[in-house]
J.: 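Got a structure here, written out as C-alpha cells. Questions coming.
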Amino acid sequence: MSFKASPPGRTREAPWVEELRSARKDKLIGGEIFLYPQIDSTNQKSREYGNRGAREGVVVLADSQSAGKGRLGREWESPGGVNLYFSVLLRPPLPPAAAAQVPLLAGVAVATAVSRATGLEARIKWPNDVLIGGKKAAGILAEMEAEGAGIRFIVVGIGVNVNWRQKEMPPPLRKTATSLREEGKKEFSRSLVAGEIFEELEKEYILFLQEGFSERLREKWNGLSWVNQKRVTAVALDQKWEGRALGLDRDGALLLEDEQGKIHRFIAGDISLRL
Ligand code: BT5
C-alpha cells in the first residue's frame, strides 16, 4: 500500500521540512514524513496511517494542531510556526505489556537529543515530561493498538516547544512551561531538533528491540531523572501517595519510599507526579 504525502504539495515546503527530509532519507524513523500545515492531532492521524497498514518509522508532522492531546484527556497547546508536533509509528514485535516502557525510552531519547541540539540541560520528569530549568519544554504521548497477544502498533507523539516565546503562551502555562528559545536565549532550527530526536529515538528503539528494558537504559533514565531523591506526591484519581522518588525498577515502574520506609510501585499512564 502506498501513501501520498499530504497535502499533495503544489506549493514548496518550508525549507526546514526539506532539510529534515533530506537528513532522514533512508533512515527508519522519519525516512517517510507526512506533513500537515494544520491538523487536529498528529497522534490521531498517525493511528489512521497505522490502521491502514503504514510501515514502521513513518512520521506525521504538523506545523500546528487544533486539538493536540496530552495524557488523560488533557490538551497540548500547539500554535503554528514555532514548535514541533509529530508522531512516530512503531510496530514492535512484542507483547502489549512491553508498551509501557516505550514512553520511557522516548523520554531518554528526547532529553538526550534536546541537550545535544541546544547545549541546554534537559531532564525527565516521570513519566513523560522533558524539563529544562524545572519547566516543561516537551511532552510525550504514546498510544497503543493491540491485537490478541501482540502490539499492532504504537504511536509515539512528541511535542517540543522550540521557538515559542513566553509572552505568547497562554497565561496559565507561563509558570510551568518553557521553550528552547526561552532557555537558550536564541532561536533554534526545528529541523535540527527534530533530526536529533529522530536519530536518538531510532537508536534507543533498536537497542530496546535487541535488549529489552535493559540495565543500560534504566541507568540512563535514572541519570536524566529530575525527580529521583526528591519528595514527590503521586496522584491517581482519588488517591495520593507522598514520599521520596527512588527511580525506576527493572520493569520501568517508578519506586516511591513513604515516611514509614514502605516502597510503592507506579506504572506510567494512570498517575501524575507533583514535586
Ligand atoms: C503530555 O501530556 O505531556 C503529552 C503531550 C504530547 C503532545 C504531542 S504533540 C504531537 C502529538 N500529537 C498529539 O495530539 N499529542 C502529541 P500531559 O503530561 O498530560 O501534559 C499536558 C499538560 O501540559 C496540560 O494539561 C498543560 O498543563 C501542559 N501543557 C499543555 N500544552 C503545553 C505546551 N505546549 N508546553 C508545555 N506544557 C503544556
Side-chain angles (χ1 to χ4, degrees), residues 29-30 33-50 58-90 100 102-104 106-107 109-111 114 122-144 153-183 190 193-194 197-198 201 226-227 232 234-237 254 266 268-275:
I29 292 180
I33 298 173
F34 296 102
L35 172 71
Y36 292 83
Q38 219 226 354
I39 203 171
D40 49 359
S41 153
T42 58
N43 266 36
Q44 196 53 42
K45 185 55 77 183
S46 185
R47 290 176 80 130
E48 287 170 32
Y49 280 108
V58 156
V59 168
V60 174
L61 175 73
D63 186 57
S64 70
Q65 298 182 118
S66 56
K69 294 193 284 182
R71 293 180 310 136
L72 309 169
R74 293 190 283 254
E75 287 175 15
W76 188 254
E77 289 290 332
S78 312
V82 283
N83 293 335
L84 284 169
Y85 318 103
F86 59 82
S87 301
V88 180
L89 186 72
L90 299 177
V102 170
L104 300 172
V110 173
V114 163
R123 308 292 290 273
I124 304 170
K125 180 176 164 231
W126 185 90
N128 67 335
D129 292 353
V130 175
L131 308 185
I132 302 177
K135 291 168 124 189
K136 185 156 169 170
I140 299 165
L141 173 67
E143 298 182 285
M144 173 184 65
F153 59 79
I154 300 179
V155 164
V156 182
I158 298 174
V160 187
N161 300 332
V162 181
N163 292 318
W164 205 16
R165 291 167 188 264
Q166 199 196 27
K167 60 178 198 264
E168 288 159 1
M169 296 177 186
L173 276 191
R174 288 182 197 162
K175 279 211 174 85
T176 57
T178 192
S179 69
L180 309 187
R181 181 192 178 126
E182 285 297 330
E183 299 300 317
R190 283 189 280 173
V193 176
I197 294 175
F198 292 175
L201 194 60
W226 176 258
V227 300
V232 297
V235 189
L237 297 175
L254 183 76
F266 297 99
D270 52 359
I271 205 147
S272 298
L273 265 201
R274 294 185 198 141
L275 283 175

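Order of listing sets the numbers, starting from 1, for every ligand and every atom in it. This structure is a prediction, so every number in the text was calculated from the model and none was measured.
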J.: Which residue holds the protein heavy atom closest to atom 24 (C) of ligand 1, what is that atom called, and what is the gap in Å?
T.: Glu75 O, 3.4 Å

J.: Between Gln44, Arg71, Lys136, Lys125, flag the one that comes closest to atom 3 (O) of ligand 1 by a heavy atom.
T.: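 Among Gln44, Arg71, Lys136, Lys125, the closest heavy atom to atom 3 (O) of ligand 1 comes from Lys136.
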
J.: Counting heavy atoms only, which of Gly157, Pro170, Pro127 comes nearest to atom 16 (C) of ligand 1?
T.: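 When every heavy atom of Gly157, Pro170, Pro127 is considered, Gly157 comes closest to atom 16 (C) of ligand 1.
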
J.: Where is the nearest protein heavy atom to atom 9 (S) of ligand 1: which residue, which atom, and how far?
T.: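 Heavy-atom neighbour on the protein nearest atom 9 (S) of ligand 1: Gln65 NE2, 3.4 Å.
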
J.: Could you tell me whether some N/O pair between Glu77 and ligand 1 is separated by less than 3.5 angstrom?
T.: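 Glu77 vs ligand 1: N/O contact under 3.5 Å present.
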
J.: I need the nearest protein heavy-atom contact for atom 38 (C) of ligand 1: residue, atom name and distance, please.
T.: Trp76 CZ3, 3.4 Å

J.: Would you say that Val155 contacts Val60 through its side chain, given a criterion of any heavy-atom pair below 4.5 Å between the two side chains?
T.: no

J.: Are any of the heavy atoms in Leu72 under 4.0 Å away from ligand 1?
T.: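 Flag not set, Leu72 not near ligand 1.
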
J.: Under the rule for salt bridge (charged side-chain N to carboxylate O under 4.0 Å, His left out), what residues qualify as partners of Glu143, not counting sequence neighbours?
T.: Arg47, Lys69

J.: Is ligand 1 under 4.0 Å from a heavy atom in the side chain of Asp129, in the backbone, in both, or in neither?
T.: side chain

J.: Report yes if some N/O of Ser41 lies less than 3.5 Å from some N/O of ligand 1; otherwise report no.
T.: yes

J.: The criterion is side-chain hydrogen bond (donor to acceptor under 3.5 Å, both in side chains); which residues satisfy it with Asp63, sequence neighbours excluded?
T.: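 Listed in chain order: Arg190.
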
J.: Closest heavy-atom contact between Ile154 and Ala142?
T.: CG2-CB, 4.3 Å

J.: Can you name the atoms of ligand 1, numbered from 1 with element, that are less than 4.0 Å from a heavy atom of Trp164?
T.: 33 (C), 34 (N)

